[in-house]
Amino acid sequence: VVAGVFVGLQVANWNTDRQNRALAHGYLQRLHHEVVDLIASDADAARTSEETNRHLHEVQNYLNANDGVAPAFGPQHCGAIARSHVYARGIILPPTLGELLATGRVLLIDDETLRTSIASYAQSINDIGQLRDDIQIDRLPLARKYPELISRRAEQWDQAVCRFGEMRRRDDFRNDLTDNLNRFGAYAVDVLAEQRRLQQALHAQLDRRLDIRHESTSPPGAIK
């Protein structure tokens with residue numbers, strides 16, 4: 001009788017372990033799919049923010065330079081100034097990751113390194129979401145405050161016209177542009193780029209755990 005009970009318990013435990021492993025594997029597959037989708041959908045936003053940040057720095061360098069020679073700025077530079085208050089990209093926690101943590105089923109994952117990565121990802125996403133909220137406080141639409149320096153001629157801001165020479169002679173504008181540039185730089189680097197780095201790092205951990213190989217020679221989720 002004792003032997004029968006023992007065997008029965010062992011079989012029950014084995015079945016439970018098998019079910020838990022299958023459940024954990026399903027969660028990881030879903031999470032991998034969501035992270036891959038996030039990396040793909042954020043690619044354009046990452047490139048756009050990097051370009052806008054670069055254009056803003058090029059304008060600031062001109063405004064702060066000692067000589068009066070204006071570079072050949074294109075409409076993208078004026079558009080960058082006009083949109084320097086826009087921080088529109090969402091900070092997203094993959095649904096499966098949130099479910100794993102909310103239900104405690106993250107403990108089903110027997111890979112300690114991956115469990116730590118999941119918990120760290122969630123905390124970091126919360127932190128950069130708070131940073132984006134802080135950056136947006138008292139943000140300043142420069143085109144609204146300085147219509148005499150920035151004229152919108154069409155629906156798209158890339159069609160706006162900027163009077164760069166007059167901007168250079170205005171200390172108030174240069175001060176406000178510096179504030180917007182610092183905010184947008186934090187958004188581009190500390191929010192969007194950091195979110196992307198976290199996505200790529202988690203993607204790499206999931207690939208390792210699920211033994212997934214990608215055809216590309218680039219790091220998982222890397223911007224090409």
Side-chain angles (χ1 to χ4, degrees), residues 2-50 86-137 139 186-216 218-224:
V2 173
V5 171
F6 176 77
V7 170
L9 289 174
Q10 289 296 98
V11 170
N13 289 338
W14 181 82
N15 284 332
T16 299
D17 289 342
R18 180 175 58 81
Q19 292 169 0
N20 286 342
R21 286 194 299 270
L23 186 59
H25 185 74
Y27 272 119
L28 295 182
Q29 286 184 316
R30 282 168 48 196
L31 181 57
H32 179 269
H33 179 73
E34 291 169 2
V35 171
V36 168
D37 283 350
L38 283 176
I39 290 173
S41 66
D42 285 351
D44 287 341
R47 281 191 291 269
T48 299
S49 68
E50 290 170 1
V86 177
Y87 320 112
R89 196 67 182 179
I91 309 303
I92 301 173
L93 184 70
T96 297
L97 190 150
E99 182 179 341
L100 282 169
L101 295 174
T103 62
R105 289 180 176 175
V106 68
L107 297 176
L108 296 176
I109 300 172
D110 59 5
D111 187 319
E112 183 176 354
T113 300
L114 180 54
R115 286 203 312 271
T116 300
S117 295
I118 288 174
S120 177
Y121 182 97
Q123 181 58 54
S124 297
I125 286 294
N126 181 69
D127 292 342
I128 63 177
Q130 182 60 56
L131 175 59
R132 191 193 69 161
D133 291 344
D134 292 343
I135 291 171
Q136 294 189 88
I137 296 175
R139 58 182 174 173
Y187 171 67
V189 176
D190 299 329
V191 175
L192 290 188
E194 177 62 10
Q195 178 175 233
R196 193 156 175 78
R197 185 194 68 78
L198 291 168
Q199 291 167 350
Q200 292 169 352
L202 182 57
H203 184 197
Q205 288 289 340
L206 290 166
D207 280 352
R208 175 188 60 80
R209 181 65 179 82
L210 296 171
D211 196 25
I212 294 175
R213 299 289 186 270
H214 295 271
E215 295 181 3
S216 172
S218 302
I223 302 175
K224 301 177 182 178

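Position 1 is the first residue of the sequence; numbering continues from there.
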For the atom pair [atom1] ([X]) and [atom2] ([Y]), what is the distance rounded to the nearest 0.5 Å?
| X | Y | atom1 | atom2 | value |
| --- | --- | --- | --- | --- |
| Ile109 | Leu23 | CD1 | CG | 9.5 Å |
| Ile39 | Gln195 | CD1 | CD | 10.5 Å |
| Gln205 | His32 | CD | NE2 | 12.0 Å |
| Leu97 | Leu28 | CG | CG | 10.5 Å |
| Leu202 | Ser120 | CG | OG | 9.5 Å |
| Leu101 | Leu93 | CG | CG | 7.5 Å |

Taking all non-hydrogen atoms of both residues, which atom of [X] and which atom of [Y] are closest, and how far apart?
| X | Y | result |
| --- | --- | --- |
| Leu107 | Arg115 | CA-CD, 4.2 Å |
| Leu100 | Ile118 | CD1-CD1, 4.3 Å |
| Asp190 | Ile128 | O-CG2, 3.6 Å |
| Ala46 | Arg196 | CB-CD, 3.8 Å |
| Ser41 | Leu38 | OG-O, 3.1 Å |

All side chain to side chain donor-acceptor pair (under 3.5 Å) counterparts of [X], not counting sequence neighbours:
| X | answer |
| --- | --- |
| Asp37 | His33 |
| Tyr121 | none |
| Asn126 | none |
| Thr96 | Arg30, Glu34 |

Exercise. Does a side-chain heavy-atom distance below 4.5 Å link Gln199 with Ile125?
Worked result: no

Problem set entry | Side chains of Val35 and Gln200 in contact at under 4.5 Å (non-hydrogen atoms) | no

Taking only residues two or more places apart in sequence, or in another chain, which ones meet [X] in a side chain to side chain contact (heavy atoms under 4.5 Å, CB included)?
| X | value |
| --- | --- |
| Ala119 | none |
| Thr103 | Glu99, Arg105 |
| Val86 | Arg83, Ala88 |

Please list, chain by chain and in numerical order, all residues satisfying salt bridge (charged side-chain N to carboxylate O under 4.0 Å, His left out) with [X], sequence neighbours excluded.
| X | answer |
| --- | --- |
| Arg208 | Asp111 |
| Asp134 | none |
| Arg89 | Asp42 |
| Arg197 | Glu194 |

For this session: Ignoring hydrogens and angles, tell me if any N or O in the side chain of Thr48 forms a donor-acceptor pair with the backbone of Asp44 under 3.5 Å.
Result: yes

For this session: Only counting residues at least two apart or in another chain, list the ones meeting ring pair (Phe, Tyr, Trp, His ring centres under 6.0 Å) with Tyr87.
Result: Tyr187

Problem set entry | Steps toward side chain to side chain contact (heavy atoms under 4.5 Å, CB included) verdict (Leu131, Ile135) | CA-CA 6 Å; Leu131 175 59; Ile135 291 171; 4.0 Å; yes

For this session: Output yes when Arg213 and Asp211 qualify as a salt bridge under the 4.0 Å nitrogen-oxygen rule, no when they do not.
Result: yes

Exercise. Relative to the ring of His203, is the ring of His214 parallel (under 30°), tilted (30 to 60°) or perpendicular (over 60°)?
Worked result: perpendicular

Exercise. Could you walk me through whether Leu206 and Leu114 pass the side chain to side chain contact (heavy atoms under 4.5 Å, CB included) check?
Worked result: CA-CA 7 Å; Leu206 290 166; Leu114 180 54; 4.1 Å; yes

